[in-house]
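What's counted below: heavy atoms across the whole structure, side chains too, no hydrogens, waters or symmetry copies. Everything numeric in this text was worked out from a predicted model, so none of it was measured.
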Amino acid sequence: SCIVDGCLKCDASAKTDRCSECQAGYYLKDGMCHFKYAGDWMYYVGGFFAVVGILVLVWVLDMIIRPCTNEQGLTYGLEAREKMKLRMPKDSNGERALWPLTTNLMTRLVAGPGMMLHFNFQAALILWAVLIALIWVCLAQFVDNRLWRLGTRKFGTPRENCILV
């Protein structure tokens, strides 16, 4: 059987992988199946995103090179930002230092119970993903070594996918 993307029937007379009939949504050209809906519109969409990206880049560069016209407003904004930062309780000198970056937000109540619950949820999600990955590694290593190839071959018909596994 041939492995040609979008192929419905293989060309049995050819010595290489060639197709004689394509699946719906594909057209046949030189024994290969090509996606029917890929065309010039893809270049237009890519060009549109390229133009938008260039405009955003120009806008950001323009903002970077502009001089500061409201120094008082900038100073006020930076002071307000500094006051919003989470700080530790007062120490013996009456100072409130910033929380260190090594603070465990799953066990230490820094910004309320909602923040602690959020970080506990994130940790549970990460542990779940690691557990599923480890189970997959064990299955691939000890049950069937061909599972390592799953997802690395081109998509085809259900029969071709069955052959891959």
Starting from [Y], can I reach [X] by hopping between I/L/V/M/F/W/Y residues whose side chains sit under 4.5 Å apart?
| X | Y | result |
| --- | --- | --- |
| L125 | I135 | no |
| M42 | V45 | yes |
| Y43 | V52 | no |
| W128 | W136 | yes |
| V60 | M63 | yes |

Closest non-hydrogen atom pair between [X] and [Y], with its separation:
| X | Y | result |
| --- | --- | --- |
| K36 | Y27 | CA-CD2, 3.9 Å |
| G25 | Y37 | CA-CE1, 4.1 Å |
| M88 | P100 | SD-CD, 4.0 Å |
| S20 | L28 | O-CD2, 3.5 Å |
| K85 | L98 | CB-CD2, 3.7 Å |
| A123 | M106 | CB-SD, 3.1 Å |

Answer whether the closest heavy-atom distance between the side chains of [X] and [Y] falls below 4.5 Å.
| X | Y | answer |
| --- | --- | --- |
| I64 | R66 | no |
| F121 | L117 | no |
| M115 | F119 | yes |
| V110 | T103 | yes |

Hey, what do you get for [atom1] ([X]) to [atom2] ([Y]), rounding to the nearest 0.5 Å?
| X | Y | atom1 | atom2 | value |
| --- | --- | --- | --- | --- |
| N70 | T75 | CG | OG1 | 8.5 Å |
| I54 | L61 | CD1 | CG | 11.5 Å |
| L105 | H118 | CG | NE2 | 9.5 Å |
| Q141 | L134 | CD | CG | 12.5 Å |
| H34 | C19 | NE2 | SG | 10.5 Å |
| D5 | Q23 | CG | CD | 9.0 Å |

Mark yes or no for whether [X], through its side chain, and [Y], through its backbone, hold a donor-acceptor pair below 3.5 Å.
| X | Y | answer |
| --- | --- | --- |
| N120 | M116 | yes |
| D91 | N93 | yes |
| D11 | S13 | yes |

Apply salt bridge (charged side-chain N to carboxylate O under 4.0 Å, His left out) to E82 and R87, showing your working. CA-CA 10 Å; E82 189 67 28; R87 298 188 178 271; 2.9 Å; yes
task = Would you please test C33 and C22 for disulfide (SG to SG under 2.5 Å) and show each step?
result = CA-CA 6 Å; C33 296; C22 294; 2.1 Å; yes
Notebook entry, point to check: Around atom CZ of R108, are there more than 12 heavy atoms of other residues, nucleotides or ligands at under 6.0 Å?
Noted result: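 Check fails, neighbour count at 12 or below.
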